[in-house]
Amino acid sequence: MTSAAGVVVVGGGQAGFSVVSTLRASGYGGPVAVFAAEPHLPYQRPPLSKKAHTEPDGVRVELVPESFYRERDIDLRLGEDVIALDPAARTVLTRAGRRVTYDHLVLATGAHNRPLSVPGAELDGVHALRSLDDALTIGRALTTAREVVVVGGGFIGLELAQVARARGARVTVVELTDRLLSRAVSAELEPRLRERHERASVRILTGTAVQALEALEGSGRVGRVVTSQGVLPADLVVYGIGAIPRDDLAREAGLAVDDGVVVDEQLRSVTDPRISAVGDCARHPHPHAEGLVRLESVQNAIDQGALVGRRLAGSPAGYESLPWFWSDQGEIKLQIAGLRTPSDAVRLVAGDSPDRLAAYAFRDGRLVAVETLNWPAEHLSARRLLERRTPVSAAELAGTTLGALVRARRAAEVRA
Amino acid sequence: MPTVIFQLPDGTERKVTAESGTALMQAAVSNGVEGIVAECGGNASCATCHVYVADAQCELVGPPNDVEDEMLDFTAAERRPTSRLSCQIQLSDALDGLVVHVPEEQV
């Protein structure tokens with residue numbers, strides 16, 4: 001059985017939603033279908049690790065109500081997993097055995113959690129967080145958990161650590177590498193971030209490997225975490241140790257895949273221009289990066305989805321959005337604008353209040369990325385300057401802030 | 001349930017009804033009001049849900065909070081005395097009939 005062609009989107013996350021909402025907002029009148037593996041209306045993920053647990057009834061996370069799709073004639077297929085792709089026939093096959101034809105296919109399949117491969121990972125009380133259902137499960141577990149071990153000192157792990165603290169549990173973060181957020185933030189900023197977590201009574205063990213999870217005697221529930229530095233009591237273990245793109249559909253269909261579906265600057269598969277990939281599952285060129293990158297962020301999911309939506313509605317463009325990220329970790333608001341590489345020179349700058357800090361990253365004397373703690377104005381200023389590719393030199397920034405620079409430039413524009 | 005009116009840059013109006021306690025931004029997004037981007041989902045991280053509150057209602061809505069005040073200096077469209085981030089306005093029956101203008105650009 002086949003249905004009408006048009007645009008078929010595989011994946012009902014933020015990126016898939018962005019594709020279809022932009023298609024309709026841009027005037028595309030053809031058939032539009034979305035296949036979403038989960039039974040829920042497309043929802044926001046950021047609150048799941050930041051907010052949903054602190055509000056017992058959960059927070060409303062759906063992006064838009066069901067009527068949005070109906071009013072725009074978007075065929076939303078919840079709980080209908082796509083299991084195969086045939087680029088030659090231009091069809092996808094759903095788990096239910098339905099074959100669907102497309103004119104253009106968009107892969108917005110996201111990523112799944114890297115599994116915790118240690119003995120005992122299957123015990124009760126051990127959870128990863130990606131989906132709304134995961135968040136609800138962890139939220140329930142947090143109502144009684146006293147000893148929480150968080151495996152992984154990345155965004156999800158640190159957000160969850162603070163959520164668990166706010167719920168009154170003792171919390172230990174176990175991180176394999178020698179620092180927190182080792183890829184996301186600079187070595188210069190990291191100690192300041194770590195200090196704030198420790199001040200909030202989160203115990204942090206870096207350079208520590210989790211070797212096994214052990215059950216309480218006579219139960220299937222986790223009771224201890226065995227690490228390279230000793231044994232930790234635990235009645236709840238949550239882990240966030242990275243994500244793996246869901247690119248198996250593309251790989252099995254013979255498309256180029258390299259830790260993500262390889263696409264060109266317009267986000268078309270380099271193997272088949274009738275297929276695009278957006279969001280966490282896409283590996284793409286980017287003017288702010290050398291070589292191909294795969295970005296895991298809401299901004300990237302929204303902007304890539306919108307770019308493909310506009311292209312399919314008749315306005316092609318290359319992808320060049322400035323990457324930005326944010327993470328709310330208890331009282332700590334971490335925001336990042338731009339892409340830093342390990343060889344960039346980093347300068348720490350104190351903010352106008354003690355809890356504020358910025359790290360400016362320079363490459364060849366030019367500002368390329370800015371990390372801030374609790375300093376939204378500086379983050380927004382960084383985005384404004386970096387987005388417009390306004391050059392900012394290290395010399396210009398000596399003794400001042402980006403906020404002051406933006407204000408001065410705006411004042412100069414008004415005078416001109 | 002309060003009803004609010006979004007005046008869009010093209011001159012059209014969108015009337016939206018939402019439960020008390022809902023953020024104005026969420027009311028806009030849930031109803032597909034164009035021009036309220038809200039990239040961060042209401043976490044005061046992005047300044048892409050900027051609105052101008054109708055002059056006569058500014059006092060009723062109240063002033064921005066500190067973080068919001070700081071962020072409003074860096075919105076894509078110009079800041080005015082009536083500027084607010086819609087994610088920081090909680091709807092209530094007292095705000096029934098609120099009118100806000102959506103700026104030309106958010107990002």
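A note on names: the letters A, B, ... follow the listed sequences, proteins ahead of strands, and every chain is numbered from 1.
Summarising the geometry, atom OG belonging to A:Ser67 is positioned 7.0 Å from atom CG belonging to B:Asn31; distances are rounded to the nearest 0.5 Å. Within the model, atoms SG of B:Cys46 and CH2 of A:Trp324 stand 4.5 Å from one another, a figure rounded to the nearest 0.5 Å.
Of the listed residues A:Arg72, A:Gln14, A:Arg356, the one with more heavy-atom pairs under 4.5 angstrom with chain B than any other is A:Arg356. Interface remark: of the candidates A:Glu387, A:Arg410, A:Glu71, A:Arg410 forms the most heavy-atom pairs closer than 4.5 Å to chain B.
Nearest heavy atom pair, residue B:Glu34 against residue A:Ala25, reads OE1-CB, 3.9 Å. Taking every heavy atom of both residues into account, A:Lys333 and B:Ser45 meet most closely at NZ-OG, 3.2 Å. Counting all heavy atoms, side chain and backbone alike, B:Glu39 lies closest to A:Asp303 at OE2-OD1, 3.6 Å. Closest heavy-atom contact between B:Ala47 and A:Leu380: CB-CD1, 3.8 Å. Nearest heavy atoms, A:Val64 versus B:Val29: CG1-O, 3.2 Å. Heavy atoms only, all atoms of each residue included: A:Pro65 and B:Ser30 are closest at CD-O, 2.5 Å.
Heavy-atom contacts from other residues, nucleotides or ligands closer than 6.0 Å to CD of B:Gln57 number more than 12. The local environment of CG in B:Asp66 is sparse, with at most 12 non-hydrogen atoms from other residues, nucleotides or ligands closer than 6.0 Å. For B:Glu13, the CD atom counts as densely surrounded, since its 6.0 Å shell holds more than 12 non-hydrogen atoms of other residues, nucleotides or ligands. Counting non-hydrogen atoms of other residues, nucleotides and ligands closer than 6.0 Å to CD of A:Glu66 gives a total above 12. Atom CD of A:Glu396 is surrounded by more than 12 heavy atoms from other residues, nucleotides or ligands within 6.0 Å.
Partner of B:Phe74 under the side-chain contact (heavy atoms from CB on, under 4.5 Å) criterion, chosen from A:Arg407, A:Arg383, A:His379, A:Glu378: A:Arg407.
For chain A, no part of B:Ala38 is nearby; none of its heavy atoms comes within less than 4.5 Å.
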